[in-house]
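Worksheet: the structure to be examined is printed underneath.
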Amino acid sequence: MKYPIGIQSFDRIIEDGYVYVDKTDMVYSLAQEGSIYFLSRPRRFGKSLLVSTLKNYFLGRKELFKGLKIDRLEKDWKVYPVFHLDFNGSNFMQKGVLEERLDNYVSEWEACYGLPSESDRLDVGFRFIKVLRAAHEQTGRRAVVLVDEYDKPILDVLDVDKNLEEEHRNILKAFYSVFKGADEHLQFVFLTGVTKFSQVSVFSGFNQPFDISMHGKYETLCGITQEELENTFREPMERMAQVYGCTYEEMRNRLKAQYDGYHFSKNMTDIYNPFSLLNAFATLDISDYWFKSGTPTYLIRLLSHTNENMDEITGRYYAPKEFIDYKADVEQPLPMIYQSGYLTIKNFDRDFDLFLLDYPNKEVKEGFLSMVASKYFDNGDKIYPWVREATIFLRKGELDNFRTGLTSFLASIPYTMRRKENERERERYFHYTFYLIMRLISVYTVYTEKVQSQGRVDCVVETPQYVYIFEFKLDGTADEALRQIEEKGYAREYESDSRKLYRIGAVFSSETGAIGDWKQL
């Protein structure tokens with residue numbers, strides 16, 4: 001089986017015999033049921049391949065689709081003039097690059113349809129309208145426009161150069177207004193990107209596209225479903241099971257925990273990250289392929305000066321307007337974190353139309369929290385090895401070693417980082433510190449922030465042989481923490497559990513920044 005890693009060309013995948021997960025029935029529905037669409041998905045989720053598939057379909061390349069779902073649906077295979085704009089591959093940090101890229105596209109199309117270049121007299125948008133009109137008149141069919149990564153010219157300069165950001169926004173707004181002026185010459189328009197900049201007027205120059213990013217019918221348009229995984233990739237999963245010395249079912253569960261967990265509609269259909277999954281099959285190794293391929297620089301820039309901690313963002317319910325439409329505001333990074341793929345929908349409350357957002361899977365949680373924790377604690381060289389060591393201690397039941405390591409790690413945090421001026425900030429630092437630590441440890445163990453009938457326990461860590469109930473206090477006593485565990489009945493549900501149960505009361509000292517008191521039962 002050949003895996004199309006890094007290949008975004010549909011025709012190359014088909015002609016060279018790479019494995020292809022058939023989504024062409026949804027491609028047919030898109031073409032038949034609408035005219036202007038927008039789709040947001042995280043990077044490396046197959047957006048470019050989708051655009052390439054649409055391109056070959058509208059070019060009428062019937063031979064490429066033989067045996068696929070669309071082959072039974074499409075009877076006419078009409079050939080349309082297709083205009084494909086791809087903003088990948090250019091660095092838009094330099095002034096003038098966007099204008100040059102658009103001019104090059106339009107100049108090529110002018111030459112293709114025998115039009116004189118009027119770049120010295122007309123703006124690029126009006127020139128494009130003339131191209132679309134000519135294509136319609138010469139072919140007898142309306143044009144198809146496909147725009148891949150439409151938002152890259154803005155994301156490249158987001159929070160770096162506000163003047164260039166505004167300039168790019170205005171250029172794109174003017175260019176996309178073509179779709180309104182050339183409506184009679186357009187058959188189909190499809191735009192993809194990571195973000196939806198509806199609140200900053202990129203699309204305001206023409207009729208709003210139909211946003212299918214959370215449409216139940218198209219939620220699986222990009223990515224791999226559980227059914228597709230088991231129907232198409234059973235053989236490589238069996239090979240991986242042999243390599244790891246486990247059963248097929250165990251390997252399936254490991255892959256699910258590592259790469260599954262994305263949801264893009266109220267239907268809550270599980271979607272796997274395709275980039276990581278294909279890399280895992282190609283190498284027969286489970287690793288963090290998507291995260292290691294690079295965190296977007298725009299997201300790192302936004303997170304560098306946001307006032308919100310991740311514990312104040314994750315594991316909460318939101319109305320759609322709070323995380324779908326992006327507004328360039330560094331004080332509210334949630335929409336960008338969600339649309340970039342670091343958070344996803346984990347539950348839907350139909351009564352109140354609210355969505356629970358959290359990390360999609362183990363790969364994303366581990367990578368993203370490691371990045372955030374390294375920046376937060378300002379000791380990135382120590383956080384990762386310590387977390388792995390702490391996990392081993394908990395799996396072995398070595399609580400004394402865990403406590404020693406935790407104390408040592410907390411002491412390594414720079415004084416300027418942990419010293420807070422007022423009580424509220426000290427409390428906030430205390431909670432966020434232990435949130436990050438225990439969330440990172442949870443990547444390697446089974447960890448839940450459990451809400452029980454008597455209240456919310458700070459932290460429960462479950463391993464195959466042990467259960468740990470932690471209650472953390474700021475400048476209190478370990479006895480107070482243990483008493484709360486007892487009074488709230490946090491251990492009650494584990495009374496019949498065969499695993500050894502530990503109750504731990506731990507006190508964080510705001511003065512020293514380390515563990516001041518610790519008791520375990």
Side-chain angles (χ1 to χ4, degrees), residues 37-45 47 149-152 154-155 158-159 191-203 208-223 260-271 273 290-291 295-296 298-361 363-365 367-369 371-372 432 435 439 449:
Y37 293 99
F38 169 74
L39 175 69
S40 168
R41 285 294 183 269
R43 62 188 177 84
R44 298 187 181 276
F45 241 82
K47 298 189 298 296
E149 302 294 357
Y150 90 98
D151 51 351
K152 190 175 186 297
I154 296 176
L155 293 178
L158 187 66
D159 199 42
L191 303 101
T192 76
V194 173
T195 58
K196 182 185 178 185
F197 283 99
S198 61
Q199 292 190 25
V200 286
S201 304
V202 173
F203 292 145
Q208 288 287 316
F210 179 23
D211 184 358
I212 59 172
S213 303
M214 290 185 66
H215 194 296
K217 184 174 182 178
Y218 298 109
E219 63 181 340
T220 65
L221 191 55
C222 294
D260 191 18
Y262 283 96
H263 306 98
F264 297 112
S265 85
K266 298 175 182 179
N267 294 340
M268 298 297 294
T269 303
D270 283 356
I271 307 292
N273 184 315
W290 183 76
F291 194 86
T295 303
Y298 60 80
L299 185 58
I300 294 174
R301 291 195 298 266
L302 285 181
L303 289 174
S304 67
H305 50 86
T306 179
N307 290 324
E308 290 190 89
N309 292 334
M310 290 308 298
D311 64 327
E312 298 166 337
I313 296 176
T314 56
R316 297 172 185 269
Y317 281 88
Y318 296 91
K321 64 181 180 181
E322 295 180 90
F323 65 94
I324 293 176
D325 293 343
Y326 179 68
K327 183 178 180 181
D329 184 352
V330 297
E331 298 302 324
Q332 296 178 324
L334 174 68
M336 186 65 82
I337 300 173
Y338 166 78
Q339 293 177 19
S340 298
Y342 295 93
L343 295 179
T344 193
I345 297 167
K346 283 299 183 181
N347 195 20
F348 173 59
D349 187 324
R350 293 187 180 275
D351 292 334
F352 296 97
D353 195 30
L354 296 175
F355 293 86
L356 175 67
L357 300 186
D358 213 328
Y359 304 105
N361 52 47
E363 176 187 18
V364 175
K365 183 167 71 169
F368 191 67
L369 283 174
M371 180 190 75
V372 171
Y432 194 43
Y435 165 85
R439 272 288 206 170
E449 295 171 300

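- D349 is linked by a side chain to side chain donor-acceptor pair (under 3.5 Å) to nothing, counting only residues two or more places apart in sequence or in another chain.
- Salt bridge D358/K365: absent, no basic N to carboxylate O contact under 4.0 Å.
- Contact record, F348 with L354: CD1-O, 3.3 Å, taken as the closest heavy-atom pair.
- I345 contributes atom CD1, which lies 9.5 Å from atom CG of L356 (distance to the nearest 0.5 angstrom).
- The shortest non-hydrogen separation linking F38 to T192 is CE1-C, 4.4 Å.
- For R41 against K47, the heavy-atom pair with the smallest separation is O-NZ, 3.1 Å.
- The two residues E363 and W290 come nearest to each other via the heavy atoms OE2-N, 2.7 Å.
- Between P42 and S340, the shortest heavy-atom contact is CB-O, 3.5 Å.
- A heavy-atom distance below 4.5 Å is found between the side chains of F45 and Y262.
- Across all their heavy atoms, E149 and G193 have their closest contact at OE1-CA, 3.8 Å.
- Using cut-offs of 30° and 60° on the angle between ring planes, the pair F291 and Y342 is perpendicular.
- Under the salt bridge (charged side-chain N to carboxylate O under 4.0 Å, His left out) criterion, D270 pairs with K256, sequence neighbours left out.
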